[in-house]
2 protein chains.
Amino acid sequence: MGGDNGPDAVIPGAALAAKKYKKAEFLLFGRSHVIEPILDKYPDLKKRSVVHHTDDVVASDERPSIALRTGRKSSMRMAINAVAEGRADCVVSSGNTGALMATAKLVLKCLPGIHRPAIASLLPTVKGSTMMLDLGANISCDSENLVQFSILGAVYAKAVSGITRPTVGLLNVGSEDMKGHDTLREALSILSAIKFPGEFKGFVEGDDIGKGTVDVVVTDGFTGNVALKTAEGIATLFVKTLKAEFSRSLLSKLAYLISLRQFNAVRKRLDHRVYNGGLFLGLNGVCIKSHGSADAFAFSHAVIAGIKMSENGFNAIVAKEIEYLTEQESFVSVVNERVSV
Amino acid sequence: MGGDNGPDAVIPGAALAAKKYKKAEFLLFGRSHVIEPILDKYPDLKKRSVVHHTDDVVASDERPSIALRTGRKSSMRMAINAVAEGRADCVVSSGNTGALMATAKLVLKCLPGIHRPAIASLLPTVKGSTMMLDLGANISCDSENLVQFSILGAVYAKAVSGITRPTVGLLNVGSEDMKGHDTLREALSILSAIKFPGEFKGFVEGDDIGKGTVDVVVTDGFTGNVALKTAEGIATLFVKTLKAEFSRSLLSKLAYLISLRQFNAVRKRLDHRVYNGGLFLGLNGVCIKSHGSADAFAFSHAVIAGIKMSENGFNAIVAKEIEYLTEQESFVSVVNERVSV
């Protein structure tokens, strides 16, 4: 029921994903009198779907604490329950991000050893794509959070994106070891000492996101959120400036038409809808947040992201890696040293 | 002597600025045997320039503390001294940012009442341009720093950019009052209570930078630096993707040629060189940091930024505004309340 377009994006989006994943089955939670008529237009999806009716919906501006208390029968809560109870492999929602995270944390719990989940997303880069996390679940983070996010990101890159030896960088204001604040330098020292499922590349800077210098960019939720939205704003600036110049006169419009093929290729290459899906990493269950403004095509990519994470056993690998981390002497000694300081 | 191109960018850059500001006079600090032959090519600039020879140069990778101790005869130090001693109105350098800030702080000192200077820059937006600060001078900031940066930005927008009632926003992860961390909420409460030279718009988000929602975006130096560099990286991603698609085949190249006029207009509109010049705001003297990779055209804009700030008496207005701030009951009461909590 969530997002700007509700079932009008969710159901055709699910239908698109269903076309690609022939064995996927769908549980649809929400107002059945709204869902059913739309579902009727997608007979293939309908065959593989079960509609679970509920009247309750979490409002997009509801405070997470209120949603937790009053939303026990909400479509969001019921969908998350389905994952917790093993009736679904993953939950995908376009609804209220804060409520989704709070409910998912409460119902699914964190994976053993994970202190806090993070929101991650893939972003287009010069080289392909890069994962960034945290994008806003944790306004402030300690060094161990950042280390765990690095593991979450590296495991995703390896298990889901299929990168053999993913590179990971910590977002900072310079690449030298002395740069940034204590938390970052502490995370650097831990990540430099431990063995983990990828290659730690030290500090990276904001421009490394677009350049695709590393496969995974790790940061706290405040910085990650600002960086992500800054990137969105600059993308908008480019698109609007191009549009303005190519629609200035009849001649510019003609030039645009002649270049349509190239512009479409650029559009396809940088299409943010393909990257739709905020992945809630670190939870004991797969939960994906689709952008509120997602259309059907964008929503289908959030569904696909959830299917991929489930298929590849992401959470089981993370649990093993976190266990392995805490067994490592180098990790234990760095963390103890930190505590004793 | 600083930057990737040294006097090869600085001198032709100064010549370009000299063409625009017929009354400007130049003091050039550095190795005279390098400077003189280049200066000979710009007779108009030469007439208005005095070369001050020194062999010492601050290296681009020198630690600021070392530069402070050993660089007393460096071209950077001598140029800053000229401002401190009233022989120059502003100093412009392409050199080591950390060393420039440390030396400028030591030699010029902060304006009365200013706790810390900030680095500010104008950035292109959908609507025109927006100033962002701090871009990296202060990795962490308290609420009073952010309030002072807001005043610095607003005074610049008013006195230098000529905006009658500049709008100012604090960079955060959401626009609601409860968002973000304590420092931001504290700064919000102070800025909402006081009278200051502009209109305080509350919290803004990363995408508001490119959108140009406000005239001044205020943030700590860590977040500002990451946001600025993220923006640079995304700009690079766009440019490279466009280039790749428009050079893919003979036909694409032809499409590019046909659209050249439009592309040039876009390029001009978003040309980062026009925005070159990190303004060190809050110092008792005008100091501008040109990007290390600046060419002559970019450097000329850093010089022009310095001339404009000097001409418009920016520092005198800031000093008055800071004095006015500390006299305001609303400011004093909010700050006292904060201290007592």
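Every chain is numbered from 1, with letters handed out A, B, ... down the list of sequences. For clarity, every value in this text was computed on a predicted model and none was experimentally measured.
- For L242(B), the parts lying under 4.5 angstrom from a heavy atom of chain A are both the backbone and the side chain.
- Between I234(A) and F238(B) the shortest side-chain heavy-atom distance does not fall below 4.5 Å.
- Heavy-atom pairs under 4.5 Å with chain A were tallied for L270(B), I209(B), L228(B), L123(B); the largest tally goes to L270(B).
- Every residue meeting the side-chain contact (heavy atoms from CB on, under 4.5 Å) condition with L254(B), not counting sequence neighbours, appears here in chain and number order: I258(B).
- Summarising the local packing, CD1 of I66(B) is surrounded by more than 12 heavy atoms from other residues, nucleotides or ligands at distances under 6.0 Å.
- Residues passing the ring-ring contact (aromatic ring centres under 6.0 Å, His included) test with F200(B), sequence neighbours excluded: none.
- Among the candidates V126(A), V239(A), L237(A), L260(A), the residue making the largest number of heavy-atom pairs closer than 4.5 Å to chain B is L237(A).
- No more than 12 heavy atoms of other residues, nucleotides or ligands sit less than 6.0 Å from atom CG of L251(A).
- Checked against side-chain contact (heavy atoms from CB on, under 4.5 Å), A102(A) has the following partners two or more places apart in sequence or in another chain: P64(A), L68(A).
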Any donor-acceptor pairs between chain A and chain B, under 3.5 Å? If so, list them.
unit_1  : atom_1 : unit_2  : atom_2 : d
V173(B) : O      : K229(A) : NZ     : 3.3
E205(B) : OE1    : K229(A) : NZ     : 2.3
D207(B) : N      : K229(A) : O      : 3.2
K229(B) : O      : D207(A) : N      : 3.2
K229(B) : NZ     : V173(A) : O      : 3.3
K229(B) : NZ     : E205(A) : OE1    : 2.3
S252(B) : OG     : Q262(A) : NE2    : 3.4
A255(B) : O      : S259(A) : OG     : 3.4
S259(B) : OG     : A255(A) : O      : 3.4
S259(B) : OG     : S259(A) : OG     : 2.8
Q262(B) : NE2    : S252(A) : OG     : 3.4

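- Residue L171(B) touches chain A through both its backbone and its side chain, counting heavy-atom pairs closer than 4.5 Å.
- Checked against a 6.0 Å centroid threshold, the rings of F222(A) and F222(B) do not count as neighbours.
- Of the residues considered (I139(A), V173(A), V226(A), V266(A)), V173(A) shows the highest number of contacts with chain B, using heavy-atom pairs under 4.5 Å.
- Residue contact with chain A, scored on non-hydrogen atoms closer than 4.5 Å, involves the side chain of L184(B) exclusively.
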